[in-house]
Every structure is written in structure tokens, then in C-alpha cells.
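The first residue of the sequence shown is numbered 1, and numbering continues consecutively from there.
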Amino acid sequence: MSQIPVRIGLLGCGNVGAELLKLLTRDSELIHSQTGERFVVTAVAVRDLNRPRPDYVDRELLTDRPEDVVASSDVDIVVEVMGGISPTRELIEKALLSGKTVVTANKALLAVVGAELTQIANSVGRDIFFEAAVAGGIPLIRSLRVSLAGERVRRIAGIVNGTTNFILSAMSDSDLSYEDALALAMEAGYAEADPSADVEGDDARAKAAILATVAFGRLVRFEDVYREGITKITSMDIDFAKRHGFEIKLLAICEVLDQPGDSSQKIAVRVHPSLVPKDHPLALVRDSFNAVFVTGEAVGELMFYGRGAGGLPTASAVLGDVIDAAHNLRYGVTERQLDREPAHLVSIHEMENRFYIAVDVVDKPGVLAGVASLFGENNVSIRSMEQLDMNEEARLVFITHMAPESAINATLEGIRSLDSVRRVAGFIRVFDPS
Ligand SMILES: NC(=O)c1ccc[n+]([C@@H]2O[C@H](COP(=O)([O-])OP(=O)(O)OC[C@H]3O[C@@H](n4cnc5c(N)ncnc54)[C@H](O)[C@@H]3O)[C@@H](O)[C@H]2O)c1
Ligand SMILES: N[C@@H](CCO)C(=O)O
Ligand code: NA
């Protein structure tokens, strides 16, 4: 067993970085006995040198010059857990170009320039690992990249953002307000530095792009992914969903839409709130947990479940990558990191779904008939309808059968133009588990 320690330069010492330092310090003997590797952290880039830090953070290693860490000849693996796009992109490029392996948790960066970074890594014969970037501590990327490397993956559908799942669960189970639930998620270290990335769906969007790229072997970028966040979900939506046998979840859905064997591989990737039937396992996922279903032609259906956010679970995924990176450096090998052709993408506007639509109207005769007739005019079949009284107004809630997105958009346009309609108060797609 080798005794030469592999040298780590850490960029960022926040939720994830500090927990990684704890694991590397506390578990160094365990890691050595289980993997044969020893690690030494030689530099830690932080923004604020004077901030109080836990005991296991050696203050002697701190620097506020991340550019020195990536250039240092005392570093073999750069672990990037500082987040952001700039200067992070430039730092990772410099690290790779100076012969270092990179481990990153930065989905926001990878979803935008992952292809460019992979190209640089390939050109210099180095690795870039990113298990922590999707679904935190759940070993999902490695499962797709290694165990399912030869699998024809048809669909990935799941909860990949811990913050929004925490908020939706708290609103559904504890009647917590959206604002209070978000504050708790931020306090627990689940949320991004700017939590609008979580609640507006961009964090899940980045993860969906990465998942689709790894699983389908075609390049899907951040901007290719349709997304809606959870900011418009109200407690009335949640109450209605519960009474009708659903939970509302923010789902990322990546799917191949053509028939097996069709070489054109049309891919659709989207993130939006979904009504999930209560008896489906995704409806049972609470707190900041993530859960992802992967469906492959040969393997069938797999479910991955675990802590998708939080410093310690995410550090566990980073540690796994660091150990893989050390092995590869030691044996002079790299992972299979292919340059990917752009995916043939299908826009959400070309898709079909079932929909939940809530419309607030003036409560007087004939209004319901006027709204309902617009569904018929656009060939949208209504599965169920409920009227709720709200002071001077009434809320009409419809669940449709399968309908093209274009037909629903035309229906909504017509509904909004009616004088008797106050607002379209709710619009959520219904998840189709099949
Ligand atoms: N927290 C999670 O649950 C989680 C899960 C998966 C992935 N991630 C990703 O991991 C990364 C880190 O997340 P976090 O929760 O630890 O964030 P954080 O904000 O707690 O930590 C980031 C740290 O990096 C430091 N930093 C930022 N820019 C810097 C710079 N230019 N120079 C030196 N230091 C700098 C900040 O001061 C901060 O302390 C992000 O990319 C995030 O998306 C986080
Ligand atoms: N902010 C992210 C962290 C994990 O990537 C989340 O809530 O899921
Ligand atoms: Na992961």
C-alpha cells in the first residue's frame, strides 16, 4: 500500500468544504485502510481569512488567493466547492492545464460549460469528477457513468433539489408558510448562496442538464432545459392536491421520446412542479431528501434515494470522487469522458401532459359554462372539476385528460380574456408515472 499522500488544494470552505476537511481529518486512518490512499490538504482558499472556523480547519493553510492554489506545485487534486461561474471557470481551467485533477460540486458551472471543461481535461489527460453536483450524497452520477454505461436509459424522473422539497414538504405536512420553510432550508445549509436558484428551479435545471448528458450520451446544456420553479405554488394548490390524492413535487424529467431502436434519439428535459399520485414513491419523499427513478431498457426501473443536500452528505460524495481521482493519478489512467454531440431536443411546447388548472372567477350564473366551453373549443377533455367558494369569488379547479401543451396554452389565453375571470390562480402538470 502506498504511503505517499495525495495533495489536495481546496477552493472554498463553506458548508461542503468544511465538512470535507472534517472527514479527511477524522477518518484518515479509515480511508487509508479501506482504499490504500492517504491525503494531505496543502491549501484552502477562503474569502475571509479572519472568519472563525472549526478546530479541524488548519488556519496555516488558509489563503484568500485561489489562483495560487490552482497554480501550486504542492497540489495534485483541486477540489472546487466555492460555487459560482466566475472566477471559478477560469480557476478550474488553470488547474487542469497545469496537470491537476479536478473534483467539483458545481452544477451551475457544469451545466453551462461542462463540455468545454471536459474537452480541456481530455486534452491534458486529466479527470474532472462531479458526483456531488447532482443529488448530493446519492451515488447517481457514478451509477449512470459506470454501472449503467452500456444501458439504454429511457427516462430519469425525480426530485433533485433538496431545498424545494423541504419547502413543499413543510408546507404540506406542517402548514409552514413558504417564507418560514425557505428560511429553515437556508439555515440548514441546503439552499444555494442565492436561494432563488433553488426556488425558481434553476438548480434542478442544471442538474437535469447534467443527468441527461451523462445518461443519454448527448450534450444537453442548461439553456436546453425547460423550467418552472415553485414560487407560484400556494397552500390552496397543496390543499386541493392532498384532497384529491396528490402531493406537489418539483420534478426533473429527462426522457427519450422516440421508439427503441430509432437512432434519432429525441430527448426532452424539463423541470416543473408536478402533481404526484400519493401512492407513488416520489410523493413520499420528505425533508431535503432527493429521489430519482432511472428507467433503462435492460435494467428496468431503479430508484435512488438519499440526502440530496447538506454539507456532510455532499462532502461524502466529494470524498468518493477524491479517492477515485487519487487512484487514477496513481495508476496513470483517466475516466471515459467523451466529447458529446448536441442532443436532438424536443421543446415542451410539442409535448402532451395532464394539467391542474385553477381559475378565480366572479361568482355568478353562466361563468362556469363559459370557462368550461373554452376547454372543449380547444379539444381539451376535462377529467374532473370542482368549485370552491371564496367570498365574492369562486375558484374553479379543473384536472384535464392528456392534452397537447399548445392546446392548453390556447385554452388559458381564452380563459384570461373572459371578463368574468379574475386570474388563473394555479397551473401544474400531473406526473405520469408510466
Ligand atoms: N450545500 C449543499 O447542499 C450542496 C450540495 C451539492 C452541491 N453543492 C455545491 O457545492 C458548492 C459549495 O456549496 P456550499 O453549500 O458549501 O456553499 P457555501 O456558500 O457554504 O461555501 C462556499 C464558500 O466558498 C467561498 N468562496 C466563494 N468564492 C470564493 C473565492 N473567489 N475565493 C475564495 N473563497 C470563495 C465562500 O466564502 C464560502 O465560504 C456550490 O457549487 C454548490 O452548488 C452544495
Ligand atoms: N441547493 C441544492 C443543494 C444540493 O445540490 C439543493 O437544495 O438541492
Ligand atoms: Na450525487
Side-chain angles (χ1 to χ4, degrees), residues 1-47 51-63 66 69 72 74-83 92 95 100-107 127-143 146 162 187-193 287-290 304-330:
M1 278 199 184
S2 170
Q3 297 298 314
I4 304 167
V6 176
R7 299 162 302 173
I8 295 174
L10 187 63
L11 306 181
C13 189
N15 289 313
V16 182
E19 295 292 353
L20 178 69
L21 286 179
K22 182 165 88 188
L23 290 178
L24 285 168
T25 311
R26 188 191 72 186
D27 295 344
S28 64
E29 286 310 316
L30 176 101
I31 293 167
H32 180 245
S33 70
Q34 290 188 171
T35 70
E37 299 295 348
R38 286 203 183 278
F39 294 98
V40 57
V41 178
T42 52
V44 179
V46 297
R47 219 184 323 236
R51 207 176 112 181
R53 311 253 168 205
D55 297 348
Y56 48 80
V57 180
D58 180 352
R59 302 196 75 88
E60 298 279 298
L61 302 178
L62 300 186
T63 168
V69 177
S72 168
D74 265 346
V75 169
D76 304 306
I77 301 172
V78 168
V79 175
E80 184 278 302
V81 281
M82 59 185 238
I92 290 180
K100 293 166 180 85
T101 292
V102 170
V103 174
T104 177
N106 193 333
K107 56 264 162 158
D127 281 317
I128 175 162
F129 286 97
F130 50 91
E131 178 59 72
V134 181
I138 305 175
L140 179 56
I141 294 293
R142 189 170 279 96
S143 300
V146 180
E187 206 178 293
Y190 304 145
E192 295 303 300
D287 199 70
S288 68
F289 281 89
N290 284 190
F304 295 83
Y305 173 83
R307 285 268 177 211
L312 193 56
T314 307
S316 158
V318 174
L319 178 60
D321 278 355
V322 164
I323 291 165
D324 258 10
H327 278 330
N328 283 5
L329 283 173
R330 194 169 302 292

Q: Carefully, step by step, assess V318 and F130 under the rule side chain to side chain contact (heavy atoms under 4.5 Å, CB included).
A: CA-CA 8 Å; V318 174; F130 50 91; over 6 Å; no

Under the 3.5 angstrom rule, does the side chain of [X] hit a backbone N or O of [Y] as a donor-acceptor pair?
{"X": "D127", "Y": "A325", "value": "no"}
{"X": "E131", "Y": "R142", "value": "yes"}
{"X": "E19", "Y": "K22", "value": "no"}

How long is the span from the [atom1] atom in [X] to the [atom2] atom in [Y], to the nearest 0.5 Å?
{"X": "K107", "Y": "E192", "atom1": "NZ", "atom2": "CD", "value": "3.5 Å"}
{"X": "I92", "Y": "L11", "atom1": "CD1", "atom2": "CG", "value": "7.5 Å"}
{"X": "Q34", "Y": "I31", "atom1": "CD", "atom2": "CD1", "value": "8.5 Å"}
{"X": "L140", "Y": "F304", "atom1": "CG", "atom2": "CZ", "value": "5.5 Å"}
{"X": "N106", "Y": "E80", "atom1": "CG", "atom2": "CD", "value": "4.5 Å"}
{"X": "L24", "Y": "S28", "atom1": "CG", "atom2": "OG", "value": "8.5 Å"}

Q: Check the surroundings of atom CG in D55: do more than 12 heavy atoms from other residues, nucleotides or ligands lie under 6.0 Å from it?
A: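 No.
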
Shortest non-hydrogen contact between [X] and [Y], atoms and distance:
{"X": "T35", "Y": "H327", "value": "O-CE1, 3.2 Å"}
{"X": "L62", "Y": "R53", "value": "CD1-NE, 4.2 Å"}
{"X": "V75", "Y": "T42", "value": "CG2-OG1, 3.5 Å"}
{"X": "G306", "Y": "I138", "value": "N-CD1, 3.3 Å"}
{"X": "V40", "Y": "P5", "value": "CG1-CB, 3.7 Å"}
{"X": "V69", "Y": "A45", "value": "CG2-CB, 4.1 Å"}

Q: Using the ring of F289 (Phe, Tyr or Trp, six-membered ring only), decide whether R307 places NZ or CZ under 6.0 Å from its centre and within 45 degrees of its axis.
A: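 Output yes; distance and angle both within limits.
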
So, do [X] and [Y] sit near enough that their side-chain heavy atoms are less than 4.5 Å apart?
{"X": "T314", "Y": "N15", "result": "no"}
{"X": "V103", "Y": "I77", "result": "yes"}
{"X": "F39", "Y": "V322", "result": "yes"}
{"X": "T101", "Y": "V78", "result": "no"}
{"X": "F129", "Y": "V79", "result": "no"}
{"X": "L21", "Y": "L10", "result": "yes"}

Q | Polar contact flag, side-chain donor to acceptor under 3.5 angstrom, E37-H32 | A |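 No, H32 and E37 have no side-chain donor paired with an acceptor closer than 3.5 Å.
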
